[in-house]
> 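Pasting in a structure now, in structure tokens, and then I'll have a few things to ask.
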Amino acid sequence: MTAFYVFSFYLQSKNRMFSMVPNFFLPDSRTVLIPEGNFVFSDRKTFSIHVREAGMVQSPGFPNSPYPSNSFLQWRLRADPGHRVQLDFHTLILEDDCQKDFITIYDSLAPIEHRTLTEQCGYPHDSLSFLSSGNVMLLTLVTSDKKNFPGFRANYSQIPVTDQSCGGTLTTDRGSFSSPYFPSNYPPQTTCTWNIQVAKEKFVKVQFHEFSVGNESLQCPNDYVEVNEQRLCGSMLKTTVITANSNTMTITFHSDSSYVDQGFTASYEAFVPTNPCPGRFQCTNNLCIDIMMHCDGWNDCGDGSDEVNCKCDASQLMCKNGHCKPKFWECDGSDDCGDNTDEENCGKCKPGEFSCRNSRCVLEKFRCDGKDDCSDGSDDVSCDLALVLQQCSEFTFRCRNGRCISKMNPECDDVQDCEDGSDEENCQCGIRPYRSSRIVGGQASKEGEWPWQVSLHIRGTGHVCGASVLNQRWLVTAAHCVQDTGANKYSQADQWQALLGLHAQGQTNEWTVTRNIKRIISHENYDHLTYDSDIALMELDTEVTLNQYIWPICLPSSSYDFPAGREAWITGWGATREGGSVATILQKAEVRVINATVCKSLLGDDITDRMLCAGVLKGGVDACQGDSGGPLAVTSSSGRVFLAGVVSWGDGCGRRNKPGIYTRITKYRSWIKEASGV
Ligand code: ARG
């Protein structure tokens with residue numbers, strides 16, 4: 001029997017009011033006209049589950065087919081008395097628009113608004129592990145009439161309430177503590193108090209590393225952390241230090257009855273009041289940093305106090321505001337001083353003029369007129385309109401019919417720019433299952449977040465390198481991964497196995513596909529001394545079926561521009577610090593494309609035009625051993641992800657002013673086409 005129900009919503013943004021009008025029942029297969037704002041649910045189901053035995057709930061059809069339309073489904077979860085319900089999402093991929101499809105979790109058995117723990121849609125990136133305050137929890141899924149996505153799978157279990165009693169007295173000289181159940185979301189209706197008491201002659205300071213507790217507001221009326229009567233709430237991106245002018249400190253954590261967050265981690269330390277940062281530099285915000293970081297051009301304190309009143313040395317330039325910055329940042333197109341002094345007097349063009357890439361100046365009005373005024377074509381790229389140009393240049397996209405167009409990066413941007421449509425062909429790539437968009441300084445990925453990521457295993461050894469999916473049959477990796485080294489015959493295809501759709505090493509699941517390699521094509525110009533042309537292709541012995549966990553990344557045409565400063569993501573299972581061990585869960589980190597001239601000044605003439613530098617010059621974020629062959633991925637303005645580079649080499653990992661070096665894919669676009677047909 002199919003029943004139709006009508007639901008009415010009052011929508012507000014985050015803390016949405018969700019009020020149900022009495023549902024009325026309609027006979028079978030009758031069409032109903034509904035006023036705006038109301039939803040008709042053709043499917044309404046309730047599941048009741050006791051969670052004593054751990055198990056799993058999932059949206060109907062998961063993972064093989066999308067969840068049903070127009071549904072209202074609820075899962076009532078009960079635990080034994082004296083226990084909490086724990087719900088951990090393994091996957092959650094819904095439509096992006098929270099007014100259409102969403103899940104809601106309640107700290108109650110009925111959908112009571114002020115007991116809402118969370119509401120989620122799209123492909124959330126925050127912690128998706130939830131705990132109830134009592135022994136019940138309700139999970140609901142509401143779906144609209146169109147665009148259905150894979151849905152979710154979540155594991156449930158029960159844990160005794162007494163398992164993690166929080167708070168307590170801390171008397172050692174240093175230590176750490178965190179919100180209950182961190183990194184899971186804290187449960188609602190919880191209060192914990194920590195009393196720190198260090199030796200009499202010392203003072204104590206506490207440092208919050210991660211912090212996400214309630215909404216940002218002045219009085220912190222909902223969830224908060226209170227340190228010596230000062231309330232903290234919201235999300236703090238940077239490390240926060242609070243100092244007490246005594247040897248004691250009281251910290252209270254409180255959560256109210258609705259909307260939970262991940263919470264915090266903190267460490268505390270006793271210090272001698274006359275010398276709060278022994279052997280280190282003390283920032284105005286009381287953080288202690290390495291002396292070497294004082295006046296080095298980077299804001300390491302977070303409040304900039306390590307970069308004021310500095311005497312600049314010979315390798316630095318002096319900004320008008322008194323900051324010192326490395327000389328090589330001068331005229332690199334980004335305002336490093338903060339007052340733009342490093343970008344003035346750069347011999348650029350006059351106002352009203354456009355500076356060509358060959359550093360000529362042409363009048364601004366000649367830009368994007370379809371004529372080559374710079375004489376290198378650079379005045380006719382990055383135009384909003386795609387004009388068909390009289391002449392092609394290395395910066396312009398060439399359509400299949402041989403004509404070139406003036407738009408920057410026109411391929412696969414969902415707009416047809418070439419008369420023959422060739423800019424929108426072969427665009428089954430680069431889409432992640434949601435909206436947006438060996439790693440040092442990264443964080444764990446969500447399953448399915450990087451569907452083109454491949455782990456290349458050597459039989460009997462395990463993970464060795466990364467690679468990216470180009471289509472059902474072809475992968476791209478680094479040439480240095482497939483060279484023979486002594487007894488290791490890495491150049492032989494039969495030594496390798498490719499794992500696609502993998503999330504955690506050693507934990508293959510139903511989405512993981514393993515393939516043997518039929519053929520390896522290493523670039524003929526690969527130079528094992530300089531790592532020039534560090535690119536190779538691998539052909540799988542049998543094709544894989546593409547799905548949300550295995551999906552190609554887009555290849556940029558040779559004219560595609562990845563400008564300096566553009567954000568890029570690196571992913572891999574490589575070492576998480578220099579000389580460290582490899583990661584189990586696929587890691588991700590955000591870096592930026594770095595200007596080639598700056599890169600050459602940092603790393604010397606080893607950098608060729610076929611390499612691309614990316615990193616975080618401040619240090620701490622980079623690819624590392626075991627990430628090689630993996631992608632440097634850039635999201636285009638239309639939301640598709642393009643392969644900008646292949647992880648190739650670096651000077652150590654994550655060192656300051658030592659960006660990572662990647663094989664520049666645009667230089668190898670035609671080679672890939674010739675070698676593999678992709
Ligand atoms: N060659 C290394 C490998 O085989 C990758 C090094 C990347 N290093 C870096 N600092 N970005 O895994």
Side-chain angles (χ1 to χ4, degrees), residues 237-241 275-361 440-441 563-568 590-607 612-622 650-652 654-661:
L237 289 176
K238 289 194 209 97
T239 303
T240 306
V241 184
N275 185 10
C277 290
R280 311 187 79 198
F281 174 81
Q282 187 184 6
C283 308
T284 306
N285 62 11
N286 287 318
L287 202 68
C288 303
I289 61 164
D290 198 298
I291 288 282
M292 298 291 289
M293 295 181 168
H294 182 207
C295 292
D296 69 347
W298 296 103
N299 171 6
D300 297 290
C301 284
D303 63 359
S305 55
D306 54 324
E307 296 302 320
V308 291
N309 307 323
C310 297
K311 264 227 204 87
C312 306
D313 67 26
S315 69
Q316 294 176 316
L317 73 102
M318 171 105 184
C319 306
K320 278 211 189 87
N321 59 16
H323 288 204
C324 303
K325 300 288 173 188
K327 275 238 170 76
F328 61 81
W329 289 359
E330 220 169 353
C331 301
D332 67 352
S334 89
D335 173 12
D336 302 296
C337 283
D339 62 3
N340 208 41
T341 20
D342 56 317
E343 294 302 315
E344 284 167 6
N345 310 319
C346 293
K348 292 229 177 90
C349 302
K350 294 199 255 331
E353 285 183 339
F354 170 79
S355 35
C356 308
R357 297 214 197 162
N358 57 14
S359 62
R360 275 197 200 183
C361 298
V440 177
R566 178 60 48 87
E567 296 91 358
E590 192 175 23
V591 293
R592 282 175 188 276
V593 174
I594 287 164
N595 171 297
T597 317
V598 169
C599 190
K600 281 181 191 156
S601 74
L602 293 172
L603 286 157
D605 294 333
D606 301 344
I607 310 299
L612 185 154
C613 303
V616 173
L617 290 183
K618 188 171 177 173
V621 186
D622 197 4
D651 180 349
R655 298 186 190 172
R656 190 165 280 204
N657 290 333
K658 300 290 177 198
I661 314 301

> Nearest heavy-atom pair of Asp339 and Lys320: which atoms, and what distance?
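Shortest heavy-atom separation between Asp339 and Lys320 comes out as OD2-CB, 3.3 Å.
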> Decide yes or no on side chain to side chain contact (heavy atoms under 4.5 Å, CB included) for Leu603 and Lys658, but give the supporting numbers first.
CA-CA 7 Å; Leu603 286 157; Lys658 300 290 177 198; 3.8 Å; yes
> Cys361-Cys356 sulfur separation below 2.5 Å?
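Cysteines Cys361 and Cys356 do not qualify as a disulfide pair, their SG atoms being 2.5 Å or more apart.
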> Can you tell if the side chain of Cys283 reaches within under 4.5 Å of the side chain of Asp303, non-hydrogen atoms only?
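The answer is yes, as the side chains (C-beta and beyond) meet within the 4.5 Å cut-off.
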> Looking at every non-hydrogen atom in both residues, tell me the closest pair between Gly297 and Gln316 and how far apart they are.
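Shortest heavy-atom contact: N-NE2, 4.4 Å.
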> Looking only at atom types and distance, does a side-chain atom of Asp306 sit under 3.5 Å from a main-chain N or O of His294, one as donor and one as acceptor?
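Checking the backbone N and O of His294 against the side chain of Asp306, no donor-acceptor pair under 3.5 Å is found.
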> Could you tell me the separation between the CD1 atom of Ile594 and the CG atom of Leu617, rounded to the nearest 0.5 Å?
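It comes to 4.0 Å.
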> Cys312 and Cys295: sulfurs closer than 2.5 Å?
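No, because the SG atoms of Cys312 and Cys295 are not under 2.5 Å apart, which misses the disulfide cut-off.
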> From Ile289 CD1 over to Cys301 SG, what is the distance, rounded to the nearest 0.5 angstrom?
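It comes to 4.0 Å.
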> More than 12 foreign heavy atoms under 6.0 Å from CG of Asn309: is that the case here?
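Check fails, neighbour count at 12 or below.
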> Which pair of heavy atoms, one from Lys600 and one from Ile607, lies closest together, and at what distance?
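In terms of heavy atoms, the two residues are closest at CE-O, 3.4 Å.
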> Test Cys319 against Cys337 for disulfide bond (SG atoms under 2.5 Å apart), laying out the working first.
CA-CA 6 Å; Cys319 306; Cys337 283; 1.9 Å; yes
> Take the SG atom of Cys277, take the SG atom of Cys288, and say whether they are under 2.5 Å apart.
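A disulfide is present here, as the SG pair of Cys277 and Cys288 is separated by less than 2.5 Å.
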> To the nearest 0.5 Å, what is the distance between SG (Cys613) and CG (Leu602)?
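If I round to the nearest 0.5 Å, the distance is 8.0 Å.
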> Please determine whether the number of non-hydrogen atoms from other residues, nucleotides or ligands lying under 6.0 Å from atom CG of Asp605 exceeds 12.
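Counting neighbours around CG of Asp605, 12 or fewer heavy atoms of other residues, nucleotides or ligands fall under 6.0 Å, so no.
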> May I ask you to decide if Lys350's main-chain N or O and Glu353's side chain share a donor-acceptor pair within less than 3.5 Å?
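The answer is yes, because a donor-acceptor pair under 3.5 Å joins these two groups.
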> Of all the heavy-atom pairs spanning Asn321 and His323, show the shortest one and how long it is.
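That closest heavy-atom pairing would be OD1-N, 3.1 Å.
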> Would you check if Asp622 and Val591 make a side-chain contact, meaning some heavy-atom pair closer than 4.5 Å?
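Side-chain contact under 4.5 Å: no.
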> Are Phe281 and Asp290 packed together at the side-chain level, in the sense that at least one heavy-atom pair is separated by less than 4.5 angstrom?
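Side-chain contact under 4.5 Å: no.
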> Where is the tightest heavy-atom contact between Gly279 and Ile291, given as atom of each residue plus distance?
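Heavy atoms only, the tightest pair is O-CG1, 3.5 Å.
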> Measure the CG-CE distance between Asp313 and Met318 for me, rounded to the nearest 0.5 Å.
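The CE atom of Met318 is 12.0 Å from CG of Asp313, to the nearest 0.5 Å.
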> Compare every heavy atom of Leu287 with every heavy atom of Asp300, then report the nearest pair and how far apart it is.
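For Asp300 and Leu287, the tightest heavy-atom pair comes out as O-CD2, 4.2 Å.
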> Assess the residue pair Lys325 and Asp342 against the criterion (side chain to side chain contact (heavy atoms under 4.5 Å, CB included)); give the C-alpha distance rounded to whole Å, side-chain angles, the decisive distance to 0.1 Å, and a yes or no.
CA-CA 8 Å; Lys325 300 288 173 188; Asp342 56 317; 5.9 Å; no
